[in-house]
Amino acid sequence: GNSVTQMEGPVTLSEEAFLTINCTYTATGYPSLFWYVQYPGEGLQLLLKATKADDKGSNKGFEATYRKETTSFHLEKGSVQVSDSAVYFCALVGYNAGNMLTFGGGTRLMVKP
Amino acid sequence: DVKVTQSSRYLVKRTGEKVFLECVQDMDHENMFWYRQDPGLGLRLIYFSYDVKMKEKGDIPEGYSVSREKKERFSLILESASTNQTSMYLCASRGQGTPQQFFGPGTRLTVL
């Protein structure tokens with residue numbers, strides 16, 4: 001079946017530091033890949049997505065590139081802010097999976113001023 | 001913007017009580033979902049519904065049931081709450097032909 005593995009948190013960074021949150025996946029065929037973000041006290045929001053190999057999703061300064069050869073979709077940001085503190089979820093929709101999402105375990109990011 | 005609302009942000013119930021969690025979406029979406037979120041486990045699908053009165057079991061349906069009498073409303077029912085059902089419950093909805101789900105703010109349920 002499909003699965004998503006994320007680095008365990010929490011990740012603690014100082015403001016303006018570089019962020020990487022690793023995500024790898026297992027799926028048959030060509031899944032679509034997503035990053036969702038959950039700010040404190042809120043539900044999940046779609047942050048970015050990529051639907052085919054070598055696509056780069058980007059939003060709010062975050063980027064992730066769909067790497068089929070390494071089955072990865074790592075999330076990066078060049079300079080984090082305190083307001084980026086949240087839980088980040090990597091997810092996929094498998095090919096012919098009826099648009100059902102499979103989530104990773106989530107990574108909590110804490111950014112200190 | 002799509003809005004998904006959940007009836008309560010926080011709930012405290014006692015073991016053995018019947019618990020209803022309500023979810024309403026305003027975008028005429030066909031598909032609705034209930035997840036529970038636990039630290040380190042991500043989101044796990046409990047039940048989903050692809051149409052009125054239709055429901056399908058997700059990965060962890062045991063101890064839960066659902067009801068979808070109207071398109072905009074999807075209810076999660078704990079027939080007899082237990083302490084291992086203490087969790088954050090998230091509702092989501094999705095239109096046809098797209099994988100993007102829209103989430104509600106969540107209900108944090110504590111069962112004593």
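By convention in this document, chain letters (A, B, ...) are assigned in the order of the sequence lines, proteins followed by strands, and residues within each chain are numbered from 1. Note that these values count all heavy atoms, side chains included, but never hydrogens, waters or copies made by symmetry.
Here the straight-line distance linking atom CZ of F102(B) with atom CD of Q45(A) works out to 11.0 Å at 0.5 Å rounding. With rounding to the nearest 0.5 angstrom, the CG atom of D59(B) is 8.0 Å from the CE atom of M100(A).
There is a path of hydrophobic side-chain contacts, each under 4.5 Å, that joins L75(A) to V4(A). L45(B) and M32(B) are not part of a single hydrophobic cluster, where members link through side-chain heavy atoms under 4.5 Å apart. Tracing side-chain contacts under 4.5 Å through hydrophobic residues (I, L, V, M, F, W, Y), one never reaches V66(B) starting from V24(B); they form parts of separate clusters. One hydrophobic cluster, built from ILVMFWY side chains closer than 4.5 Å, holds both Y30(A) and L48(A). Under a hydrophobic clustering in which Ile, Leu, Val, Met, Phe, Trp and Tyr are joined whenever their side-chain heavy atoms come within less than 4.5 Å, directly or via other members, M7(A) and L13(A) fall into the same cluster.
In this structure, no portion of Y50(B) lies under 4.5 Å from any heavy atom of chain A. For L43(B), the parts sitting under 4.5 Å from any heavy atom of chain A are the backbone and the side chain alike. When heavy atoms are compared at a cutoff of 4.5 Å, L44(A) approaches chain B by way of both its backbone and its side chain.
Taking 4.5 Å as the heavy-atom cut-off, the residues of residues 101-113 of chain A that approach chain B are L101(A), F103(A), G104(A), G105(A), ordered by number. Residues of residues 104-111 of chain B that come within less than 4.5 angstrom of chain A, heavy atom to heavy atom, are G104(B), P105(B) in numerical order.
In plain terms, the two heavy atoms of Q38(A) and Q37(B) that are nearest each other are OE1-NE2, 2.8 Å. Nearest heavy atom pair, residue L90(B) against residue G43(A), reads CD2-CA, 4.3 Å. Contact record, G42(B) with F89(A): CA-CE2, 3.8 Å, taken as the closest heavy-atom pair.
No more than 12 heavy atoms of other residues, nucleotides or ligands lie within 6.0 Å of CD in E8(A), so this atom counts as exposed by the packing criterion. Counted within 6.0 Å of CD on E76(A), heavy atoms from surrounding residues, nucleotides or ligands total more than 12; the atom is thus considered enclosed.
Q101(B) has its side chain out of reach of F34(A): every pair of non-hydrogen atoms, C-beta onward, lies at least 4.5 Å apart.
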